[in-house]
Amino acid sequence: MSVRELVVLGTASQVPTRHRNHNGYVLRWDREALLFDPGEGTQRQMLHAGVAAHDLTRICVTHFHGDHSLGLAGVLQRISLDRVPHPVTVHFPASGRHFFDRLRYATAYHEAAELRPEPVTADGVLAATPAFTLEARALSHPVDSYGYRLTEPDGRRMLPDKLAAAGITGPDIARLRREGTLNGVTLDEVSVPRRGQRFAFVMDTRLCDAVPALAEGCDLLVIESTFLDADARLAADHGHLTAGQAAAVARDAGVRHLVLTHFSQRYPDPAAFAEQARAAGYDGELTIAHDLIRVPVPRRT
C-alpha cells in the first residue's frame, strides 16, 4: 500500500531547544523517501520516527547553514554503514559544493553505498520519474538557497457507474487505461481528469517571486515561519519569513494543507503562529509543526 506523508524530524531554527531539534523532514512518497535539510541530530530523530537509512532515496539540502546541513555527515555515513543497496541522490546548491564535500568526508569511514551528488546550478527540473517531477527555484537568503517542488503527473479517475454501464470490468479497466479505447468505449467516456498531487518545501528566504511559484496549487506546503509579524523587519534583514507572510502566500496559492515550521527560539508559545496564519486569511488545513509528527499528504480530489 502506498504511503504519502511528511515525517517531521526537527523544527527549530538556528539552535535546537529542549523541545525542538534542528531541522529535518522526510517526505514519504510511495516507494521513495526524500530527506530535506538534515540538521544536527537528524540520525537520532530518524530512529525515534521509525525512518531507516534504507528508506532514503534522495536528500535535498536547501542551503548550507548549520541548522539545515550539519546532520548530513552522520546521515551519509549511516547510509554506508547500513549498506543501502540503491543509489541515493543528493541535491544541494552548487556554490556549496565544498561544504558538501567536507561533510561527506568529515571523518574516516568506509564508503560502501552509492551516492550521486547532483548540485543545483539554476532554476529548473532536477529529476523526472514516473512518480513525480522534482524541480528547484532560487530563494532570497544571505547564502544561496533553493526551494524544492514535487509534482505528480496528472492522471484519470475512473467512474465505476460508467464502467459498469459499459460492461468493462477487471483487467479490461487497465487495458482501457493503457490503450485509450476498448470495444468502442473511450477512456474519456468512463473517467475524468485527476490532477497530480503537489508538494513544496520552502525554507530560509525573504518574500520573493520563487516562493509563490513553488507554493502554487500545492496539496501540502512546508514553509518556514521563523518570526512573528511584529518582527517583520528583523525577518527581512535576516532573510526569513513571518507566520503571516507564509500564510498569505499559501492563501493566494490555493494551498490545501499548510505546515509552518522553523521557529525562532525567542517565541515560547507556538499558538501565536496559528493565530497569525488565520489572521492572514488562510482557511485551509493548518499544522504548526512539532518534532516527530506525521502529516498525511491530502487525498487526491
Looking only at non-hydrogen atoms, find the nearest pair between [X] and [Y] and report the distance.
X: Gly10; Y: Asp291; result: CA-OD1, 3.5 Å
X: Ala131; Y: Pro153; result: O-CD, 3.5 Å
X: Thr151; Y: Arg149; result: OG1-NE, 3.6 Å
X: Tyr148; Y: Val61; result: OH-O, 2.8 Å
X: Val75; Y: Pro38; result: CG2-CB, 4.4 Å
X: Pro142; Y: Gly239; result: CD-CA, 4.2 Å

Using modelled atom types and a 3.5 Å cut-off, is there a donor and acceptor pairing between side-chain atoms of [X] and backbone atoms of [Y]?
X: Asn21; Y: Glu40; value: yes
X: Asp283; Y: Arg278; value: no
X: Asp269; Y: Ala271; value: yes
X: Glu5; Y: Pro296; value: no
X: Glu189; Y: Thr186; value: yes
X: Arg78; Y: Ala52; value: no
X: Gln77; Y: Gly74; value: no
X: Ser13; Y: Phe263; value: yes
X: Asp229; Y: Gly244; value: yes
X: Arg116; Y: Val88; value: no

Hey, could you give me the [atom1]/[atom2] distance between [X] and [Y], rounded to the nearest 0.5 Å?
X: Tyr282; Y: Glu285; atom1: OH; atom2: CD; answer: 7.5 Å
X: Cys218; Y: Arg198; atom1: SG; atom2: CZ; answer: 8.0 Å
X: Ile288; Y: Thr11; atom1: CD1; atom2: OG1; answer: 11.0 Å
X: Leu163; Y: Thr169; atom1: CG; atom2: OG1; answer: 9.0 Å
X: Arg137; Y: Ser145; atom1: CZ; atom2: OG; answer: 14.5 Å
X: Arg104; Y: Asp101; atom1: CZ; atom2: CG; answer: 7.5 Å

- Do Thr57 and His86 pass the side-chain hydrogen bond (donor to acceptor under 3.5 Å, both in side chains) test, and can you show the C-alpha distance, the side-chain angles, and the key distance before you say yes or no? CA-CA 8 Å; Thr57 55; His86 54 261; 6.0 Å; no

Inspect the contact between [Y] and [X] and indicate whether a charged nitrogen and a carboxylate oxygen are less than 4.0 angstrom apart.
X: Asp188; Y: Arg156; answer: yes
X: Glu152; Y: Arg300; answer: yes
X: Asp30; Y: Arg4; answer: yes
X: Arg28; Y: Asp55; answer: yes

- Going through the distances and angles, do Val202 and Val222 end up as a side-chain contact (heavy atoms from CB on, under 4.5 Å)? CA-CA 6 Å; Val202 179; Val222 181; over 6 Å; no

[X] atom [atom1], neighbour heavy-atom count above 12 within 6.0 Å:
X: Arg157; atom1: CZ; result: no
X: Asn183; atom1: CG; result: no
X: His48; atom1: NE2; result: yes
X: Arg194; atom1: CZ; result: yes
X: Asp209; atom1: CG; result: no
X: Arg97; atom1: CZ; result: yes

Shared hydrophobic cluster for [X] and [Y] (ILVMFWY, side-chain gaps under 4.5 Å):
X: Phe199; Y: Leu9; answer: no
X: Val26; Y: Leu292; answer: no
X: Leu6; Y: Phe132; answer: yes
X: Val8; Y: Phe273; answer: no
X: Val297; Y: Leu56; answer: no

Do [X] and [Y] make a side-chain contact, defined as non-hydrogen atoms from C-beta onward lying under 4.5 Å apart?
X: Leu176; Y: Ile168; answer: yes
X: Leu228; Y: Gln276; answer: yes
X: Val192; Y: Leu159; answer: yes
X: Met158; Y: Val190; answer: yes
X: Val120; Y: Pro93; answer: no
X: Val259; Y: Leu220; answer: yes
X: Thr89; Y: Glu114; answer: no
X: Gln265; Y: Val15; answer: yes

Are a donor atom and an acceptor atom from the side chains of [X] and [Y] found within less than 3.5 Å of each other?
X: Arg58; Y: His91; answer: yes
X: Glu111; Y: Ser80; answer: no
X: His98; Y: Arg102; answer: no

- Task: Test Asp67 against every option in His22, Gln14, His262 by the side chain to side chain donor-acceptor pair (under 3.5 Å) rule and name the one that passes.
- Result: His262

- Decide if the gap between the ring center of Phe99 and the ring center of Phe92 is smaller than 6.0 angstrom. no

- Task: Would you check, one step at a time, whether the test side-chain contact (heavy atoms from CB on, under 4.5 Å) holds for Val211 with Ile223?
- Result: CA-CA 9 Å; Val211 176; Ile223 188 169; 4.1 Å; yes

- Task: Name the orientation class of the two ring planes belonging to His68 and His63 (parallel below 30°, tilted from 30 to 60°, perpendicular beyond 60°).
- Result: tilted

- Any idea how His141 and His65 line up, ring-wise: parallel (<30°), tilted (30 to 60°), or perpendicular (>60°)? perpendicular

- Task: Verify side-chain contact (heavy atoms from CB on, under 4.5 Å) between Phe64 and Val143, making sure each step is shown before the conclusion.
- Result: CA-CA 8 Å; Phe64 282 102; Val143 300; over 6 Å; no

- Candidate list Phe201, Tyr146, Tyr25, test ring pair (Phe, Tyr, Trp, His ring centres under 6.0 Å), partner Phe36, passing option: Phe201

- Query: Given His257 and Val295, is the side-chain contact (heavy atoms from CB on, under 4.5 Å) satisfied, shown in steps?
  - Reply: CA-CA 9 Å; His257 192 149; Val295 182; 3.4 Å; yes

